[in-house]
Asker: 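I have a structure I would like to understand better, so I am pasting it below and will then ask my questions one at a time.
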Amino acid sequence: MNQAIRNTWVVAIAMFALLFGSLTVVQFFEADDLNANDWNSRTLYKNFDKNRGAILVGGDPIVESVPSDDEFEYQRVYNEPELYAPITGFYSLVYSATQMEAAMNEELSGNSNDFFYDRILQLFSGSQVEGASVELTLDPELQQMAFDMIPDGMKGSIVVMEPDTGNILAMASKPSFDPNLLAGHNTEEVTSNMAELEEVAGLSPFTNPATQSLLAPGSVFKLVDTAAALESGEYDADSELDNPAELPLPGTNISLPNFVNGGCAARTTVDFSFALEQSCNTPFAQIAMDLGEDAIAEQARKFGFGEAYKIPIPVTASQFPTGMSDDLLAQAAIGQYDVRVTPLQVAMVSAAIANDGVLMKPNLVRTVRAPDLRVLDSPEPEELQRSLSAENAELIQQWMVNAVDRGIANGAAIPGVEVAGKTGTAELMAGSEGNNSWFTGFAPADDPEAVVSIVIEDVNLATGSQLTSPNAQKLLEAVLNK
């Protein structure tokens with residue numbers, strides 16, 4: 001009798017071990033393959049029945065799941081949709097997930113390893129695993145300000161971030177869209193809505209312009225040139241730079257003109273401060289040709305060019321071209337030719353300069369919490385690399401202050417506060433009458449609290465000037481007044 005009981009217990013334990021082992025294999029070793037299987041529509045439909053976690057800004061849900069009255073238990077709802085759409089992305093039965101919905105899918109859906117024992121309990125209790133909530137680093141007031149600063153019908157992006165932590169305080173872009181149109185459960189309606197969105201000029205519902213659009217940077221790239229020159233050891237604060245009205249481009253019969261809208265024509269030789277204040281073209285083009293492509297490319301790499309990041313949404317790698325002749329290198333040095341940057345990358349250049357030469361990884365997630373409010377993750381500031389020495393960073397900081405105090409970036413000035421800034425105007429392809437208008441900078445210059453990067457695409461010079469430096473001033477002042 002006792003032997004029979006023992007045998008029964010041995011069999012039961014063996015079966016439990018087999019069940020537990022099989023579950024472990026599925027949960028840990030085969031889960032990714034099974035979930036990624038193109039034929040696995042069952043997983044997709046099952047996930048739409050889950051109580052997916054909320055995405056929060058300032059403690060309020062900007063994305064949440066609410067009870068549904070159709071064949072699915074829950075409906076994904078986006079609050080203030082256009083304000084946050086490029087960051088949240090969408091969670092769609094037809095088009096899968098994008099941006100934060102995709103990047104944090106494991107946590108939001110409750111499928112991450114943090115919920116392993118919750119899923120074990122679900123097997124026995126039949127209860128549903130609720131996803132984690134994700135609190136973003138965004139400041140709701142700054143986000144609204146930035147969004148409102150981009151006029152409807154125009155294309156542009158604004159990034160505000162803390163240089164010493166990498167935390168992003170605002171990231172706004174237009175044109176935007178309503179993710180609710182793509183989150184419905186009627187697949188025909190969702191498909192029709194996507195077709196209409198794809199007809200909107202300048203809009204891609206699948207991308208975040210601030211992190212994925214590659215744009216010509218124009219003169220904001222001169223910050224990279226300046227850092228490369230100082231880091232080379234061949235230039236210093238006392239260097240005298242030639243500043244001709246035109247610079248003949250080697251191997252061609254054309255010349256590169258100096259910037260005509262500032263005060264560059266007043267001097268034939270300049271120092272770095274004046275060259276940045278007035279955004280003179282010819283000194284930086286000559287510096288690039290003297291240093292060579294490799295030196296400029298290496299400095300760009302130290303600022304983050306060539307690297308694709310996840311913050312956790314995807315960031316497209318900014319590009320500095322290679323294999324250039326000297327004439328093309330001269331054009332690249334002023335942010336033209338094939339130099340392409342994301343708005344976030346321009347903010348990263350300023351952030352490294354503001355942070356005494358240290359580049360921090362940008363970050364959008366403040367806290368990930370389980371439904372019982374226990375903290376699952378709270379990302380710490382992460383140093384990516386040293387972009388330039390502290391001494392050289394301090395020099396460029398002061399020159400950027402001069403650009404605001406007495407140069408063409410004066411629209412960003414705040415009374416009683418030292419603001420560092422740099423403007424840029426990038427000419428577009430032949431046939432376009434507009435430019436990409438840029439501002440990037442930070443304040444206070446001696447102890448920066450925030451970096452701002454603004455780009456308004458395909459606008460004339462007057463409109464671009466009104467929408468960049470003055471708006472940067474308002475955003476920086478708002479940060480300082482908090």
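The figures that follow rest on heavy atoms only: side chains count, while hydrogens, waters and symmetry mates do not.
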Asker: Is it the case that atom CD in Glu427 sees more than 12 heavy atoms from other parts of the structure closer than 6.0 Å?
Answerer: no
Asker: List the steps and the verdict of salt bridge (charged side-chain N to carboxylate O under 4.0 Å, His left out) for Glu82 and Lys174.
Answerer: CA-CA 9 Å; Glu82 295 196 3; Lys174 285 184 182 178; over 6 Å; no
Asker: Do Phe206 and Phe90 make the cut of ring centroids closer than 6.0 angstrom?
Answerer: yes
Asker: Do Asn355 side-chain atoms and Ala352 backbone N/O form a donor-acceptor pair below 3.5 Å?
Answerer: no
Asker: Do Asn363 and Thr137 make a side-chain contact, defined as non-hydrogen atoms from C-beta onward lying under 4.5 Å apart?
Answerer: yes
Asker: Can you see which heavy atom on Gln212 is nearest to which on Thr316, and at what distance?
Answerer: CA-OG1, 3.4 Å
Asker: Under the criterion salt bridge (charged side-chain N to carboxylate O under 4.0 Å, His left out), I'd like the reasoning laid out for Glu141 against Lys482: C-alpha separation, chi angles, the key distance, then a yes or no.
Answerer: CA-CA 10 Å; Glu141 294 178 3; Lys482 282 188 173 290; 2.9 Å; yes
Asker: Please examine the side chains of Pro86 and Gln99, heavy atoms only from C-beta on, and report whether any two atoms are closer than 4.5 Å.
Answerer: no
Asker: Could you give the distance from OG1 (Thr165) to NZ (Lys361), rounded to the nearest 0.5 Å?
Answerer: 13.5 Å
Asker: Ile168 versus Leu344: any side-chain heavy-atom pair under 4.5 Å?
Answerer: yes
Asker: Should Arg52 and Glu101 count as an ion pair when the cut-off is N to O under 4.0 Å?
Answerer: yes
Asker: Output the distance between atom CZ (Phe442) and atom CD (Glu449), rounded to the nearest 0.5 Å.
Answerer: 13.0 Å
Asker: So for atom CD, which belongs to Glu198, do other residues, nucleotides or ligands contribute more than 12 heavy atoms lying within a distance under 6.0 Å?
Answerer: yes
Asker: Could you give the distance from CG (Leu364) to CE (Met104), rounded to the nearest 0.5 Å?
Answerer: 10.5 Å
Asker: Applying the side chain to side chain contact (heavy atoms under 4.5 Å, CB included) criterion to Val459, which one of Gln466, Met154, Lys155 satisfies it?
Answerer: Met154
Asker: What is the ring orientation for Phe221 with Phe320, classed by angle as parallel under 30°, tilted 30 to 60°, or perpendicular over 60°?
Answerer: parallel
Asker: Do you know the tightest heavy-atom contact between Ser387 and Leu359?
Answerer: OG-CB, 3.4 Å
Asker: Are the charged groups of Glu477 and Lys474 less than 4.0 angstrom apart, N to O?
Answerer: no
Asker: Tell me if a side-chain donor or acceptor on Trp438 pairs with a main-chain N or O of Ile456 at a distance below 3.5 Å.
Answerer: no
Asker: Below 4.5 Å, heavy atoms only, C-beta onward: do Ile150 and Ile158 meet side chain to side chain?
Answerer: yes
Asker: Gln144 and Asp148: side chain to side chain donor-acceptor pair (under 3.5 Å), yes or no, with the steps?
Answerer: CA-CA 6 Å; Gln144 187 69 63; Asp148 292 342; 3.0 Å; yes
Asker: If we ignore hydrogens and angles and just use 3.5 Å, is the side chain of Glu135 paired with the main-chain N or O of Gly59 as donor and acceptor?
Answerer: yes
Asker: Between Val455 and Pro343, what is the shortest heavy-atom contact and its length?
Answerer: CG1-CG, 3.8 Å
Asker: Ser68 and Asp70: side-chain donor and acceptor closer than 3.5 Å?
Answerer: yes
